[in-house]
Amino acid sequence: MPTLSKARMLITSVLGMIITIGIARFAYTPMIPEMMEEIGLSESVAGYLAAANYAGYLSGALLISFISSLKLKQILFRSGLCGAVITTLLMAFTQNEIIWYLLRFISGLSSSAGVLLGAGLLMHWLMKHKHQAELGIFFSGLGLGIVITALLAELIKDHFSWDQQWLIYGSVGLVLTLLVWRWFPDQADDAIRPATNTSAQSVSGLFMPVLKTAYFCAGVGYVITATFLVAIAESSDTLRGQGWLIWLVVGLACAPACGLWDRFARVYGQWLALFLAYVLNSLSILLLMISQELSVTLLSAVIYGGSFIGIVSMTLSMVGRLYPHNPSRPMSRLTFSYGLAQMIAPAIVGYLAEMNGNYYSGLLMTLLVMTAGIIALLWAMQLSKTASNHCTQSTTLKGTT
């Protein structure tokens, strides 16, 4: 029976991720070229709409950082599910840019509820029931959401108009929301008693600001490909018509990646795993810059899908374990920097693409930012190891007195 309860909790949490990120966020990626072709959506407006979405995500992360009540978290999590569906459906009923900005902002709020509250509630449940506190399976929902939107995009793009496609995405989200609403367990408004955690106490000062800087850079590395990958493909003569396939490959690579990163981190350590994920994410951007051949772009999609989700999963799991009494709070504060990057970067890259007629300069900017992120990550790693050494020495001295 406990196994069945854990399986239900994991499945329900994954479905919540599919609704609030896979559909509410990632349906927009294959919809960009559809809206460009049918109603003349410009590259800059596409970037601004993505920025509005991440402004909502950023605002949600900030709000969640001040919430400690499990009851309120559950209410907001369910509200996020509803918001994700409603905003997706309403995109079909207007061409007013101001209303689009508002809808994408609210969609971003819903996404933050699905990711941060969903992750926090799941981690609380796992720790309360003595299960391993890892989020790999949870974040597979992001990859599955990409797969769903990619397959739907290919199935519906030639048979339905852009507004009808938004309605289809929203309808899928509605069906999944009904399942989550019924299955997601209620959790009593209690908290896990914070254990003495020398790691959380000793890693202070510069550590979190430096880690937030690294995570900000990872947010840039994630969002540019997530927003513009299909548009980049469809703007290329050699890749036109293959955008859905490339996006599908991202999702297929993303879905199992978190579990693989969890296993790698257990054997070789979380810091080495994070370092490799950052390097691979940078490599995926470099590949997009140097070639527009289908094989190279597909390789970039595989590396991107497998790396960015590992960065998110491992980083949030790490801070969640450092602060087990209220994991959503440090997750949301760290995510604030990630969301800030996602709000700023698409607007800049969209503007550059419209100015230059291609995405090369935007990709170059992204690669440079990711390089800075790798440096910041190495710094955070060193700060963590220094704190651990001090903690070990302190414990040894206490034992000898």
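- Taking the six-membered ring where the residue is Trp, the centroids of F308 and Y304 are separated by under 6.0 Å.
- Environment of CZ in F264: crowded, with over 12 heavy atoms of neighbouring residues, nucleotides or ligands closer than 6.0 Å.
- Taking the six-membered ring where the residue is Trp, F184 and F77 present tilted rings, their angle falling between 30° and 60°.
- For the pair Y215/V312, a side-chain contact is recorded, criterion being any heavy-atom separation below 4.5 Å from C-beta on.
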side-chain contact (heavy atoms from CB on, under 4.5 Å) assessment of I23 paired with V172: CA-CA 8 Å; I23 292 176; V172 173; 3.8 Å; yes
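- Y48 and R104 form no side-chain donor-acceptor contact under 3.5 Å, judged by distance and modelled atom types alone.
- Ring orientation note: the planes of F228 and Y359 are tilted relative to one another, at an angle of 30° to 60°.
- The shortest distance between side-chain heavy atoms of W181 and C82 falls below 4.5 Å.
- For Y338 and Y222, the ring centers sit closer than 6.0 Å to each other.
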Criterion side-chain contact (heavy atoms from CB on, under 4.5 Å) on Y169 and T149, from CA distance to verdict: CA-CA 8 Å; Y169 286 121; T149 57; 4.2 Å; yes
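- When only modelled atom types and interatomic distance are considered, S161 and D163 share a side-chain donor-acceptor pair under 3.5 Å.
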Trace of the side-chain contact (heavy atoms from CB on, under 4.5 Å) decision for R240 with E234: CA-CA 4 Å; R240 186 169 293 118; E234 296 300 332; 3.6 Å; yes
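- The shortest side-chain heavy-atom distance between V296 and Q292 does not fall under the 4.5 Å cut-off.
- Side-chain contact check for S140 versus C258: every heavy-atom pair is 4.5 Å or farther apart.
- Crowding of E38 atom CD: a count of heavy atoms from other residues, nucleotides or ligands under 6.0 Å exceeding 12.
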Step-by-step side-chain hydrogen bond (donor to acceptor under 3.5 Å, both in side chains) determination, R263 to Y268: CA-CA 9 Å; R263 292 184 181 183; Y268 299 103; over 6 Å; no
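- Heavy atoms from other residues, nucleotides or ligands lying under 6.0 Å from CH2 of W379 number 12 at most.
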Worked verdict on I246 versus V230 for side-chain contact (heavy atoms from CB on, under 4.5 Å): CA-CA 7 Å; I246 296 167; V230 175; over 6 Å; no
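- For the pair T335 and L316, the minimum side-chain heavy-atom distance is below 4.5 Å.
- Between W166 and Y28, the ring planes lie parallel to each other; the angle is under 30°, not in the 30° to 60° tilted range.
- The only option from L367, I311, T366 that meets the side chain to side chain contact (heavy atoms under 4.5 Å, CB included) definition with N281 turns out to be I311.
- Side chain to side chain, W261 and S313 fail the donor-acceptor criterion of an N or O pair below 3.5 Å.
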